[in-house]
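Data first, discussion second: the structure below is written as structure tokens.
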Amino acid sequence: MTKPRRWALLTGAALAVSALLAGCSGGGSATSNANTDEIDYALPANFTPNWILPIGTAAHLNTNNGSIAQSLYEPLVAYDGSTGKIAWNKDGSVATDAEFADDGKSVEITLGDRHWSDGEAITSRDVEFWFNLIKANKDQWGSYSKGKAPDNWTSFKAVDDTHFTITFDKAYNSDWMLANQLSHIIPLPQHAWDKTSASAKVTDADETTAGAKQVWKYLNTAAGKISDYATDDLWKTISGPYGVKAFTTAGKVTLTANTKYDGGEKPSITTVNLLPFTTADAEVNAVRSGEVDYGYINATDMDQESSFTAKGYEVEPWTGWAITYMPYNFNNPDMGAVFKQLYARQAVQMSIDQKSLSKVVFNGTATSTYGPIPQAQESDYVSDVQKDNPYPFSTSKAKDLLTSHGWEEQGGTMVCTDPGTSDSQCGEGVKDGTKFTMGVLSQSGSTVTDNMMSAIQSSLAKTGIGFTIKTAPVSSVLSQTPTCTSDEASCDWDLSFFGTAGSWYFPAYPTGESLFSTGGSANFGSYSNKQVDDLIDATTTSTDATAVQDYSAAVAKDLPVIWLPSPDYQISVVKKGLSGFDQDSLANFHPAQWKWTK
């Protein structure tokens with residue numbers, strides 16, 4: 001279940017916060033495994049798996065739901081970073097080849113010689129089944145973004161059982177289309193799922209909109225019955241390396257190897273126990289007592305690394321294909337005019353000491369972010385402008401920048417004393433006497449987040465920028481900082497921060513249509529720049545490899561948000577002898593790749 005983007009651990013395409021549910025109390029019930037046929041994997045704290053259908057609605061697109069579903073239903077085109085580089089993992093894909101037309105307006109896909117667990121062949125018909133379901137129910141599909149898949153797919157044509165062609169509405173960048181659009185597709189068992197009740201088969205029901213809506217309702221109703229996941233025959237026709245042995249509403253999931261799997265990622269470990277925890281501390285205690293084979297510790301525990309290695313663990317930071325930031329509200333009726341001044345945003349960014357934040361707050365487990373492309377891994381997407389940090393930390397230079405644009409420090413706070421639109425004045429819409437003060441609504445309950453906000457407050461004060469901090473649960477932060485217009489009562493927020501676990505995780509091709517394009521689905525602060533819009537469009541349509549770098553450079557310079565250090569996805573602790581994989585920077589886990597070597 002591929003996500004177009006997500007907040008790590010927390011949400012999917014519609015920022016679903018329902019994943020923040022309590023797991024079982026304590027540290028899980030499993031004991032350390034000497035048995036090489038079994039592994040105990042710790043799920044993130046406060047995460048309860050709650051979805052099995054490999055088509056996610058908005059409330060179910062959590063990264064871990066996706067990993068579980070992908071273990072059962074193999075994607076058409078699987079992208080991951082489990083080999084150390086984000087790329088098409090053909091061993092974990094149903095498709096073996098994708099040939100794009102010379103004009104960039106269509107692609108022919110070749111399927112491997114694959115079978116469902118009941119022995120039926122996986123064919124183009126199973127892909128068409130998915131295609132028709134999504135076409136008819138796109139508004140309920142959590143990965144839907146207007147104008148993108150399936151809107152930009154005009155037709156599906158099965159050539160034969162193992163070849164089909166999808167035609168596009170115009171020419172597209174093939175890397176983007178493959179990695180960010182075609183990777184959504186999950187072949188579904190049409191012969192087993194194309195029905196509207198447990199006993200009535202509807203002939204070609206998915207070929208009409210009405211029929212597809214009936215099938216959609218049938219599947220989603222069944223997927224809502226978590227306690228039936230291990231017993232309902234619907235979920236036993238699978239294509240992936242694992243099936244469900246147990247799935248409790250309390251959050252514990254047991255996967256068992258699919259003996260009929262004929263793909264390229266044959267599982268080495270028969271039983272995978274996914275263990276829930278109510279808190280990170282409970283999980284760390286379970287690690288200390290040896291109850292977890294593959295778990296995590298807090299960044300604040302890094303200074304105790306030797307105590308974990310002494311217990312037979314390797315400590316392995318799990319970096320993410322992500323960026324972290326605070327969006328400005330450009331439509332705020334009071335501060336929006338200030339935020340629209342590039343020099344003002346430059347002064348703010350120059351007041352953020354990312355290197356110190358990473359060292360002091362995150363114990364060195366975060367990567368500085370200077371633009372819209374992830375920087376924790378090497379890639380060809382990051383421009384030299386972004387790499388070189390166009391706005392290095394300097395509160396003195398930040399203060400000089402403000403005073404050169406009509407601001408004067410009064411009582412420790414910068415005040416606009418020279419309103420106007422010339423280069424030496426405050427700028428259009430900034431009123432005389434405006435104080436440069438900003439308030440952030442930030443995630444509550446996180447010591448790391450609290451410490452970072454306090455450090456930022458202190459740093460901004462040296463520039464003369466006021467910074468007040470209010471905290472709330474993540475769900476409240478999301479609801480209280482909506483996309484808005486200046487005349488709406490809900491538009492009184494300045495800055496929003498979804499927490500240190502709230503980094504934005506990209507699909508394999510890190511474009512910004514959701515984040516920074518005008519009207520983008522996750523453009524919370526209503527940022528708008530025509531040049532950036534054009535560059536984002538080029539990243540999805542141009543065949544020029546420099547298109548993404550041009551976008552990277554422009555957005556790094558224009559500062560649509562406040563860039564912040566991106567923390568590692570997690571600090572993993574892995575029992576010595578468990579190997580065979582790199583940790584996927586797209587934040588998915590892949591149990592079929594795990595193996596015991598001891």
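Below, each value reflects all heavy atoms present in this structure, side chains not excepted, and no hydrogens, waters or symmetry copies. Predicted, not measured: the structure shown is a model, and the values here were computed from it.
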Query raised in the report: Is there a donor-acceptor contact under 3.5 Å from the side chain of Glu283 to the main chain of Pro44?
Result: no

Query raised in the report: Are the side chain of Trp51 and the backbone of Ile55 linked by a donor-acceptor contact shorter than 3.5 Å?
Result: yes

Report task. Count the heavy atoms belonging to other residues, nucleotides or ligands that lie under 6.0 Å from NZ of Lys135, then report whether that count exceeds 12. Result -> yes

Query raised in the report: Going through the distances and angles, do Trp321 and Phe506 end up as a ring-ring contact (aromatic ring centres under 6.0 Å, His included)?
Result: CA-CA 6 Å; Trp321 190 239; Phe506 288 93; 7.3 Å; no

Query raised in the report: Would you call Asp558 and Arg345 a salt bridge, using N to O less than 4.0 angstrom?
Result: yes

Query raised in the report: Are any side-chain N or O atoms of Thr365 and backbone N or O atoms of Phe362, one a donor and one an acceptor, separated by less than 3.5 Å?
Result: yes

**Report entry** Trp176 side chain vs Thr541 backbone, donor-acceptor pair below 3.5 Å
**Finding:** no

Query - All side-chain contact (heavy atoms from CB on, under 4.5 Å) counterparts of Pro473, not counting sequence neighbours - result: Ser444, Ser475, Ser476

Query raised in the report: Are side-chain N/O atoms of Gln181 and Asn152 paired as donor and acceptor at under 3.5 Å?
Result: yes

Query raised in the report: Does any N or O in the side chain of Ser383 come within less than 3.5 Å of the main-chain N or O of Gln386, such that one atom is a donor and the other an acceptor?
Result: yes

Query raised in the report: Counting N and O atoms only, with roles assigned by atom type, does the side chain of Ser67 sit under 3.5 Å from a partner on the main chain of Phe589, one being a donor and the other an acceptor?
Result: yes

Query raised in the report: For residues Asp80 and Ser82, is any side-chain donor paired with an opposing acceptor at under 3.5 Å?
Result: yes

Report task. Check step by step if side chain to side chain donor-acceptor pair (under 3.5 Å) holds for Asn298 and Thr300. Result -> CA-CA 5 Å; Asn298 299 309; Thr300 52; 4.5 Å; no

Requested in this report: Inspect the contact between Glu409 and Lys399 and indicate whether a charged nitrogen and a carboxylate oxygen are less than 4.0 angstrom apart.
Outcome: yes

If you look only at distance, which donor and acceptor atoms sit under 3.5 Å apart when one is on a side chain in residues 447-454 and the other is two or more places apart or in another chain?
{"from": "Thr449", "atom 1": "OG1", "to": "Gln443", "atom 2": "OE1", "distance (Å)": "2.9"}
{"from": "Thr449", "atom 1": "OG1", "to": "Ser446", "atom 2": "OG", "distance (Å)": "3.1"}
{"from": "Thr449", "atom 1": "OG1", "to": "Thr500", "atom 2": "N", "distance (Å)": "3.3"}
{"from": "Thr449", "atom 1": "OG1", "to": "Thr500", "atom 2": "OG1", "distance (Å)": "3.3"}
{"from": "Asn451", "atom 1": "ND2", "to": "Thr447", "atom 2": "O", "distance (Å)": "3.4"}
{"from": "Ser454", "atom 1": "OG", "to": "Asp450", "atom 2": "O", "distance (Å)": "3.1"}

Report task. Please determine, by modelled atom types, if Thr319 and Gln377 share a side-chain donor-acceptor pair under 3.5 angstrom. Result -> yes

Query raised in the report: Is Asp151 salt-bridged to Lys146, going by a charged N under 4.0 Å from an acidic O?
Result: no

Report task. Scan side-chain atoms only and decide if Thr485 and Asp487 contain a donor-acceptor pair under the 3.5 Å cut-off. Result -> yes

Query - Flag for Ser496-Thr481: side-chain donor and acceptor within less than 3.5 Å - result: yes

Query raised in the report: Does the side chain of Gln583 come under 3.5 Å of the side chain of Ser572 through a donor N or O and an acceptor N or O?
Result: yes

Query - Evaluation steps, ring-ring contact (aromatic ring centres under 6.0 Å, His included), between Tyr509 and Tyr381 - result: CA-CA 9 Å; Tyr509 192 69; Tyr381 302 129; 5.5 Å; yes

